[in-house]
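Each ligand, and each atom within it, is numbered from 1 in the order the structure gives. Small disclaimer: the values here were computed from a predicted structure and weren't measured.
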Amino acid sequence: MSNPILERAAANGVTLEMRGAVAIVTLRRPAKRNALSDALIEAIRDTFQNLPPEAKAAVIDGEGEHFCAGLDLSELKERDAGEGVYHSRSWHVALNAVEQGRVPVIAALHGAVVGGGLELASASHIRVADETTFYALPEGTRGIFVGGGGAVRVPKLIGAARMTDMMMTGRVYNAVDGERVGFAQYLVPAGTALDKAIELASRIATNAPLTNYALMHALPRIAEQPADHGFMTEALMASIAQSAPEAKARVRAFLEGKAAKVQKAN
Ligand code: 1HE
């Protein structure tokens, strides 16, 4: 690795490994359950802003028994209102680099996915959880509030009512219920989330880049537009995507019997 920004991120606990077209980004602070210090947040931002050009999809996971224990509580000191806003906004920049970067991001979850760890997982595009995964928002019981984009992203996954319950009561969701309510799109046996996430990312990496781009950048905006605006934006995006030479080649391959059919689900 020759990029000094990525080297600094690795020294601060976020490593990047390329496997084909998939960038594997790993939180490496297992002794502290990958708690998100300011240095780790900065390293996440720098890594996702500097993915190598050959990366077409990314996976994020955490070393050790847990994906991520959230905000590093040892750094939670008295901040005045302005400093609190800046701190929260620095998380927004880092997690926006995950969500609104160049490539789709798959989170491979296991163990604790709590507080800011859940906010990070929510900024990914697809979540794969293994059977050891549990989800919580302890902010509520610690007398604080989400500050890493959770108030925006978590309700989109599970609804505001469930998030309110989690924060007011300290409710913890296990892996099965977490998938049922919408935290994860995949639930896999213990210890296999990373493999599954890499498998999905490898497949996603073969999509037409414009389709992935539309799913990351157009779909979330269309979903928030009034229906009438959304229909118009959809039409524009559809037209741009289908006029790309790659789309025409893929459709032609199907019509000539050279592309895979849709298979019946098991
Ligand atoms: C930590 C943190 C942390 C562990 N900040 N140091 N997040 C929380 O409220 C979750 C707090 N953590 C836990 O509930 C547990 O640590 C876990 C369920 C995640 C894991 O339990 P376990 O038994 O495997 O580990 P442990 O023994 O509790 O922790 C091991 C070490 O990691 C220990 O330090 P040590 O020096 O005594 O070895 C812990 O203190 C340390 N550690 N979690 C700092 N979070 C943008 S706003 C976001 C707001 C939030 O995220 S609030 C939610 C914070």
Original post:
Which of the atoms in ligand 1, numbered in the order shown and given with their element, are less than 4.0 Å from a heavy-atom of A112?
Top reply: 19 (C)
Original post:
Should you measure from each heavy atom of W91, which atoms of ligand 1 turn up under 4.0 Å away?
Top reply: 46 (C)
Subject >> Numbering as shown, the atoms of ligand 1 that approach G116 to under 4.0 Å (heavy-atom distance) >> reply: 48 (C), 50 (C), 51 (O)
Original post:
Heavy-atom distance to atom 32 (O) of ligand 1: which of A31, G150, A35 wins?
Top reply: A31
Original post:
G147 heavy atoms, cut-off 4.0 Å: which ligand 1 atoms fall inside?
Top reply: 46 (C), 47 (S)
Original post:
Can you list the atoms of ligand 1 that are under 4.0 Å from a heavy atom of G70?
Top reply: 51 (O)
Original post:
Does R180 come within less than 4.0 Å of D177, counting only side-chain N to carboxylate O?
Top reply: yes
Original post:
For ligand 1, which atoms, with element, lie under 4.0 Å from some heavy atom of R142?
Top reply: 8 (C), 9 (O), 10 (C), 11 (C)
Subject >> Any non-hydrogen protein atom less than 4.0 Å away from atom 13 (C) of ligand 1 >> reply: no
Original post:
With a 4.5 Å limit on heavy-atom distance, are the side chains of Q185 and R127 in contact?
Top reply: yes
**OP:** Check ligand 1 against P138 and write out every atom of the ligand that is under 4.0 Å from a heavy-atom position of the residue.
**Re:** 8 (C), 9 (O), 53 (C)
Original post:
Less than 4.0 Å between a side-chain N and a carboxylate O, is that true for D46 and R8?
Top reply: yes
Original post:
So I60 and F48, side-chain contact (heavy atoms from CB on, under 4.5 Å) or not? Walk me through it.
Top reply: CA-CA 10 Å; I60 183 162; F48 280 94; 4.0 Å; yes
Subject >> Per-atom contact, atom 23 (O) of ligand 1, protein heavy atoms, under 4.0 angstrom >> reply: no
Original post:
Hey, looking at atom 25 (O) of ligand 1, which of H66, R33, E119, E139 has the closest heavy atom?
Top reply: R33
Original post:
Taking 4.0 angstrom as the limit, do K196 and D130 come out as a salt bridge?
Top reply: no
Original post:
Is E199 paired with R203 through a side-chain N to carboxylate O contact shorter than 4.0 Å?
Top reply: no
Original post:
For atom 40 (O) of ligand 1, what is the nearest protein heavy atom, given as residue, atom name and distance?
Top reply: K32 NZ, 4.9 Å
**OP:** May I ask you to identify the nearest protein heavy atom to atom 7 (N) of ligand 1, giving residue, atom name and distance to one decimal place in Å?
**Re:** A69 O, 2.8 Å
Original post:
Please state which protein non-hydrogen atom is closest to atom 18 (C) of ligand 1 and give its distance, to 0.1 Å?
Top reply: F134 CZ, 4.1 Å
**OP:** Sort out for me which residue in R29, R28, R33, K32 forms a salt bridge (charged side-chain N to carboxylate O under 4.0 Å, His left out) with E63.
**Re:** R28
**OP:** Check whether any side-chain heavy atom of M163 sits under 4.5 Å from a side-chain heavy atom of L137, and report yes or no.
**Re:** yes
Original post:
Are the charged groups of E17 and R19 less than 4.0 angstrom apart, N to O?
Top reply: yes
Original post:
Protein heavy atoms: any of them under 4.0 Å from atom 36 (O) of ligand 1?
Top reply: yes
Original post:
Any non-hydrogen protein atom below 4.0 Å of atom 3 (C) of ligand 1?
Top reply: yes
**OP:** Report yes if some N/O of L71 lies less than 3.5 Å from some N/O of ligand 1; otherwise report no.
**Re:** yes
Original post:
Do the non-hydrogen side-chain atoms of L118 and L120 ever get within less than 4.5 Å of each other?
Top reply: no
Subject >> Shortest non-hydrogen contact from K56 toward A205 >> reply: CB-CB, 3.6 Å
Subject >> Polar contact flag for L73 and ligand 1 (N/O pairs, less than 3.5 Å) >> reply: yes
